[in-house]
Colleague: 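Structure in structure tokens, see below.
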Amino acid sequence: MQDTLIKKIFDVDEVRRDFPILNREIDGKPLVYLDNAATSQKPVSVINAISDYYSRYNANIHRGVYSISMEASAAYENARISVKEFINAASEREIIFTRGTTEAINLVAYSYGLQNVNEGSEVIVSELEHHANIVPWQVLCQNRKAHLKVIPVNEKGELVIEEYKKLLSDKTAIVAVSHISNSLGTINPVKEIVRLAKAKNPKIAVLIDGAQAIHHTHVDVRDIGADFYAFSGHKMYGPMGIGVLYGRESLLEAMPPYQTGGDMISRVSFEGTTYNELPMKFEAGTPNVEGAVGLNAAIDYINSIGFGAIEEQEKMLLDHATEEILKIDGIRIIGTSQNKASVLSFVVNGLNALDIGIMLDTHGVAVRTGQHCTEPLMDKLCLPGTVRASFAFYNTKEEVDVFIKALKKVIDILK
Ligand code: PMP
């Protein structure tokens, strides 16, 4: 019953009309955009919301006593409420706007990390992580003379949970893992990862890098139980330059500011400064109002499509692409996890990923090639890089066919 309902409502042709860029041509060929894991395209409702903000009520926010400043402030705070509801946080005070996932993770590493990671402490990450969820912890560990521990992946690209259990110790201060791998599409058992950490020691803080999950599946931060959850607007059909750090209120309250300046203060004198309340304590300076407005529109858009339809369409695309690509000689799929999002990473025997990507572009097909900001993972897999096609719900089965046909031609030419 539910499935029939979803099928009736979801019409990919209709959905595609919401995304002006999908009409682009590249050298006379329709753009086939399969780099959604790097960034998603934007629906016209997001573009219009930003344009409307600048056309009608652009003003600096908070403390403005005139109408358009109050309108802009309300729009910014409404976006916060939407985010809170979207991820089921307990309060708006737990929603910090950042530049993106990277800044959100850095905020936690510097603010929480410098206060709670001491000499000899351990921070656990995984081999699957994006550089954004490795380097801030590595730098923190160097600063604090702490140790970085790494959960290994198996040959399918899944985290080895038995090894994770062994890494958890009395010295563990932080666990930071991704919800979904950007390189392989692996969906990690984040709820279990949190549960195991908290069972070891409720004081271990767990951060989930949700950059690749927030647009694929319904994220409920209270159900997952993590202390921090980070994501970027641009991966979820919203604008670039805005992202979110969800943090458990009790932890955020105890954390020092990450950046200081205007807006994050309560009172300033040359003798000393007191800080603003949450969430403003972590939002120094003029914020990205345009970004928040666009993000709010993106959330409305996702809700109008529904995760049921999104997941169904993306699974169909992944299954079809996987089946078709395996018919091509010399292809090896990298990342064959049981639970996998719509990311298809592969290598072709004897061919360079970069050459394949450049040649696919001549067919209008946009894919990503290389290490995908996961160099330690590529080292572990002994690969210089992969070709990665990543699908969004606005992609079609026909586009997958165009990609596969183009790939066959490219391989023929390059071999
Ligand atoms: N983590 C993961 C898993 C990602 O895929 C990305 C973006 N590729 C990031 C973190 C960093 O996100 P941003 O560049 O938007 O800060």
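Residues take their numbers from the sequence shown, with the count starting at 1. We count ligands from 1, going down the list as the structure has it; atoms in each ligand are counted the same way.
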Colleague: Taking the ring centre of each residue, are Phe393 and Tyr237 less than 6.0 Å apart?
Modeller: yes
Colleague: Charged N to carboxylate O under 4.0 angstrom, Asp227 versus Lys198?
Modeller: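 A salt bridge links Asp227 with Lys198.
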Colleague: Who pairs with Glu249 by side-chain contact (heavy atoms from CB on, under 4.5 Å), at least two apart in sequence or on another chain?
Modeller: Ser91, Arg93, Glu94, Glu253, Leu278
Colleague: Side chains of Thr186 and Ser181 only: does a donor on one sit below 3.5 Å from an acceptor on the other?
Modeller: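 The criterion, which ignores hydrogens and geometry beyond distance, is not satisfied for Ser181 and Thr186.
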Colleague: Does any non-hydrogen side-chain atom of Asp300 lie less than 4.5 Å from one of Phe86?
Modeller: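 No, their side chains stay 4.5 Å or more apart.
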Colleague: Could you pull out every N or O of ligand 1 that sits under 3.5 Å from a protein N or O, with the distance for each pair?
Modeller:
{"unit_1": "ligand 1", "atom_1": "1 (N)", "unit_2": "Asp209", "atom_2": "OD1", "d": "3.2"}
{"unit_1": "ligand 1", "atom_1": "1 (N)", "unit_2": "Asp209", "atom_2": "OD2", "d": "2.5"}
{"unit_1": "ligand 1", "atom_1": "5 (O)", "unit_2": "Gln212", "atom_2": "NE2", "d": "2.7"}
{"unit_1": "ligand 1", "atom_1": "8 (N)", "unit_2": "His130", "atom_2": "NE2", "d": "3.3"}
{"unit_1": "ligand 1", "atom_1": "8 (N)", "unit_2": "Lys235", "atom_2": "NZ", "d": "2.6"}
{"unit_1": "ligand 1", "atom_1": "15 (O)", "unit_2": "Ser232", "atom_2": "OG", "d": "2.7"}
{"unit_1": "ligand 1", "atom_1": "15 (O)", "unit_2": "His234", "atom_2": "NE2", "d": "2.7"}
{"unit_1": "ligand 1", "atom_1": "16 (O)", "unit_2": "Thr101", "atom_2": "N", "d": "3.4"}
{"unit_1": "ligand 1", "atom_1": "16 (O)", "unit_2": "Thr102", "atom_2": "N", "d": "2.9"}
{"unit_1": "ligand 1", "atom_1": "16 (O)", "unit_2": "Thr102", "atom_2": "OG1", "d": "2.6"}

Colleague: Given salt bridge (Lys or Arg N to Asp or Glu O under 4.0 Å), test Glu312 with Lys315 step by step and report yes or no.
Modeller: CA-CA 5 Å; Glu312 188 179 20; Lys315 181 176 183 321; over 6 Å; no
